Amino acid sequence: MKKPASIGWFLALSLLFLTVESKAKVTLSGYVRDAATGEELIGANVAVEESGAGTITNEYGYFSLSLESGNYTVVCSYMGYTTASLPISLNDDIVFDIELNEAIIQLEEVTVSGLANNNNITSLETGSTRLSIQSIRKIPALLGEVDVIKTILLLPGVQMTSEGSSGFSVRGGGRDQNLILLDGATVYNASHLMGFFSVFNNDAIKDVKLYKGDIPASSGGRLSSLLDIRMKEGNRRNFSASGGIGTIASRLTLEGPIVQDKVSFLVAARRTYADIFLKFAKDEAIRQNRLFFYDLNGKLNYLINDNNRIYLSGYYGKDVFANDYAGMYFGNRTFTLRWNHLFSNRLFSNFTFLNTHYFYDLGTPEGSSQYFNWKSYLEDYGFKGDFIWYPSPEHTFQFGASGIYHTINPGSVKAQSQDGINQSMELPSNHSLENGLYFSGESKIAERFTLRYGVRYSTFSNVGPATIYEFDEEHQVTDALHYESGDFFNFYHGLEPRVAANYVLSEKNSLKSSYSRTRQYLHLASNSSAGTPLEVWFPASPNIKPQVSDQVAAGYFRNFLDNRLETSLEFYYKKMSNSIDFRDHAQLMLNPRLEGELRVGEATSYGAEFYIKYETKKFSGWISYTLSKTLRDIPEINEGNPYPAPYDKPHDLSLVFSYELFSRIDVAANWVYNTGIPFTLPSGRYEVMGNILPVYTGRNEYRFPSYHRLDLSITIRGKEKPGKRWRGEWNISAYNAYARKNVWTLNFRQDESNPDVTYAEMTYLFSIVPAITYNFKF
Amino acid sequence: MSRIQTYYRSGLLMVVLFIASSCTERIDIELGSTFQRLVVHGTVTTDSVRHQVNLSVSSDYFVNKPSPRISKAVVELSFDDMTLLLSEHDTIPGLYETPYAFRGVEGTTYKLDISQVDADQDGQYETYHATSTMPGGTVLHSIELRYIATPIFPGYQVAMYAIHLPEQRDWFGFKLWKNGFLLTDTLAKYSVMSDDLFDDGYFPGFPAGFLSDEDPRQAVHPGDTVTLELNCIEQEYYDFVIDAQLEIMGNNPLFSGPSANVSTNIDNGALGIFAAYSIQRASSILPQ
């Protein structure tokens, strides 16, 4: 009886279309921009006082509201900017671009009502946070280098995977379960210098948003989070420069118009000089080492006309560890070409072509007596088409599609011995195609109730040439299947529903809940907590199913003191199936039979996140506390007993504050505390061939001592005068101010003078680390 | 782990140490305890010797005493329809030897049975079993000493010339002797590898060992005789050595996975290894 059912769906869709259309009369649309630079502002509030209708700008600063004809007051607000109230007479569709002034640049007393909105109450999102670049800049950081990833570690539900590392865990997920996007392109390894710094130059960034599981249907491919980072477009009004000279790195950003208000550029460069300090080493071998990284961000924007904009952005970064005898190099390159097109003032579209390349290369110089070279790379080519339709103030719909072609070269090794004999090993490349089709809608169902509903349909296929090993129950290879170039084999697909609801109890409090399903087709071959640049990703295959996560979350949000004090309490429960771990003593490097090292099971994570944020003209800060548990249950690990996941930290507390002590002096402090990570320690020992070997009774049965650390900073700004363009400030910081010796790892050693005696030895990375940086802008 | 992986894992560790102002210090820590387990270390080789099996038990981690030895166990070695009863050494408790010297044979499966042991001290005897088949098919031709004159690792590389059967998977162990003295005398120093990098069946000057100038025991001088001992081992022994070396090397958050028990081919919850492997040796004298 197919005919009646199909007619029913058609009628329902038509009714929906008529319903959403019938209320729309005229459209108010446009962009919200920074008045000084012309930069579009993402997530700015645009509301109409008289009707209560409102929306927020999308990732390109665009908004659209459909209203009855009439006279209105449009109120536009954004973090760190003065709120604008603008009268408007709306009789026909109009394009109404709004420009906001940055509150910080005004010299007279500034009302800060623009900061105090109730977005956290009215927005649908659970488990998401938008970070302002200003707040990131205030946070004291390792070696004085402000860092996006180090900042998100201070949010509830986000934990570092290892001291100093740029890897992070969101709600118990692995560090490969975070989709990190830079202008839409995936960043696979966001670390410089073994993770002490991230690849993101704060001077080039405009917007940072973290989604902790409640990921929009437009994105997929990772289980736990989306970290969406948008670069600045470049100042369209004036040429400007900013930068800093610090203890460990220097940076310079240049931006400006090529054609006023039409074409602009941005270039940001950064380089460290860590090897300067190696020159003071006693050991000559250490003095000869080169150790640095550099990165470059570039952006070009062209506003063709009111309906068309082109953006070109790219990133290139490289780390170098080398001396005259050996070297290791690794880095990222991303490239994004985007075209925004307005089909109408209610239908916004964006088309993106993207490329990502991650590589590493290590070995000895060619021609050396022991020539050796080991290379690996990962490359994505992708295309996305996204549409946003604003039929009425009560409804917004998004839909689109994407496709990414992955190529992974896990390792290519060449060696040449002293007598000229060549040897080589090539792990075969693998190729795959990952696609997504999505639809989502956000509808104000009633005065106080808003619903977001959506679904993503993702598919994945392996593409030849490929060699796929077959394994028996003992994980031993029994056969190898070969596929020719261009052969599509092994198809996975699945629906990923995403639903969220917000019931606004009053303008001061609301209840929210969400459910999302996510699928992950690429995984990181790593079982270490911090990771190295030499890790490789591997795709789903006939032997490896995609990981799937189902997460439910619910929270209560409450504001006080005219929205200056924001509080929230969120609960989440996450179940992950086909969860990947690796066998004991897995061999992951240059292993052609890598899939035989995997073990698959389930993982569960649940917790409560408490967040309180307070902001005034002089003071801003927050407290975040997470109580959580994450367990893995893999039949062939830990004798089939559930065990704590590597990032299971039941208590995680962050206190962050900054205060304007005087008009030119700010002080800031962070204090972080978390339960020590779970660790496997021996319960017994035995001896074989002169060495003592441990006996373990369970994986991750013990915990390191608790981790805690205090970071302090003081910023002293130069005197500001009207008309003076140069602005400079000194930042003095101390990371780990009370020199806490936080355990990085624990090992057991045999006493050299008496091999029967063993002792425990802890390694810690940092004592107090001071830094001085001079930042400037003109 | 292949030599390549070992080399670059070590190299990477060095690089990390340059940049990480990591510091170490002793720490007091309380560990739990667990029941005693039998520990077996037995080998059968192609050398004409009385082959040995060591029996001991595990203990608490900070016991800081030699492992207790197991005496009066019944230890039997079976192969080719023959069963030999090993006898305990007169002066070394826990060391059991075959009644006479003989050469192990490639392709033969050796079975070890142990009984009359109460390792967990519950008043009940346990029995333990293990098997190992001696691999073969590799021929060691010669070695060559090559001087590597880098400031970081100066010393002599021991280059091996050998052939193996490319159609089968092989695993190898290497020991180094200098002037008749075994340098690689502990589990940590015994290097092993698989044949993954050598699909064509040749080892043309493969760097099987290294003797560092910085270590007086290893430094090679004119007139010294260096001997490479090539062991053809089973995968189980290879896995045991790799696991053990990972545990001995210790944990580093950059590239170490979780600690875990070393694999074994002894059943019934025992620890250790029983391995049958062939031995070939080649020597080179550093010219005056």
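All of these numbers come straight from a predicted model, not from anything done at the bench. By convention in this document, chain letters (A, B, ...) are assigned in the order of the sequence lines, proteins followed by strands, and residues within each chain are numbered from 1. Only heavy atoms go into these numbers, but all of them, side chains included; no hydrogens, no water, no symmetry mates.
- Residues B/N54 and A/E687 have side chains not in contact (no heavy-atom distance under 4.5 Å, counting atoms from C-beta outward).
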Item to complete: Evaluate side-chain contact (heavy atoms from CB on, under 4.5 Å) for B/F62 paired with A/T758, printing each intermediate quantity in order.
Response: CA-CA 6 Å; B/F62 286 129; A/T758 53; 3.8 Å; yes
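- Looking at B/D28, neither its backbone nor its side chain comes within 4.5 Å of chain A, counting heavy atoms on both sides.
- Among B/T186, B/D60, B/I27, the residue with the largest count of heavy-atom pairs under 4.5 Å with chain A is B/I27.
- Top candidate by heavy-atom pairs under 4.5 Å with chain B, chosen from A/D756, A/T745, A/N527, is A/D756.
- Put simply, CG on B/L246 and CD on A/Q587 are 6.0 Å apart, with the number rounded to the nearest 0.5 Å.
- Put simply, the side chain of B/N64 reaches to within 4.5 Å of the side chain of A/R685, judged on heavy atoms.
- Atom SG of B/C23 is separated from atom CE of A/M762 by 9.0 Å, given to the nearest 0.5 angstrom.
- For B/Q245, no part lies near chain A; criterion is any non-hydrogen pair under 4.5 Å.
- Closest approach of B/G32 and A/Y702 over heavy atoms only: N-OH, 2.9 Å.
- Closest heavy-atom contact between B/S58 and A/V695: CB-CG2, 4.3 Å.
- Interface summary for chain A: among B/S259, B/S33, B/G257, B/G250, the most heavy-atom pairs under 4.5 angstrom belong to B/S259.
- With a 6.0 Å radius and a threshold of 12 heavy atoms from other residues, nucleotides or ligands, A/E474 has its CD atom at or below the threshold.
- Counting heavy-atom pairs closer than 4.5 Å to chain A, the top-ranked of the candidates B/P258, B/A244, B/A159 is B/P258.
- Interface remark: A/Q476 contributes side-chain atoms only to the contact with chain B (heavy atom separation under 4.5 Å).
- How far OH of A/Y686 is from CG of B/L38: 11.5 Å, rounded to the nearest 0.5 Å.
- Using a 4.5 Å heavy-atom cutoff, the side chains of B/F240 and A/V688 are in contact.
- The number of heavy atoms from other shown groups lying within 6.0 Å of CD (B/E25) is above 12.
- B/E247 and A/H585 share a donor-acceptor pair across their side chains, judged by distance under 3.5 Å alone.
- When heavy atoms are compared at a cutoff of 4.5 Å, A/D581 does not approach chain B at all.
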Worksheet item: Run the side-chain contact (heavy atoms from CB on, under 4.5 Å) check on A/N691 and B/Y190 step by step: do they pass?
Response: CA-CA 11 Å; A/N691 283 111; B/Y190 181 54; over 6 Å; no
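- In this structure, chain B has a heavy atom under 4.5 Å from the side chain of A/N747, while its backbone stays farther away.
- For A/L746, the parts sitting under 4.5 Å from any heavy atom of chain B are the backbone and the side chain alike.
- Proximity to chain B (any heavy atom under 4.5 Å) is shown, for A/F582, by neither the backbone nor the side chain.
- At most 12 heavy atoms of other shown residues, nucleotides or ligands fall within 6.0 angstrom of atom NZ in A/K375.
- Side-chain contact between B/V39 and A/L693 is absent, with no heavy atoms from C-beta onward closer than 4.5 Å.
- Looking only at side-chain heavy atoms (C-beta outward), B/N251 and A/F679 come within less than 4.5 Å of each other.
- Residues passing the side-chain contact (heavy atoms from CB on, under 4.5 Å) test with B/D239 are B/Q235, B/S263, sequence neighbours excluded.
- By number of non-hydrogen pairs under 4.5 angstrom with chain B, the leading residue of A/P705, A/G690, A/P694 is A/P694.
- Here CG of B/L31 is found 10.0 Å from OH of A/Y696. Values are rounded to the nearest 0.5 Å.
- Applying the side-chain contact (heavy atoms from CB on, under 4.5 Å) criterion to B/I92, with sequence neighbours excluded, gives B/R69, B/H89, B/L95.
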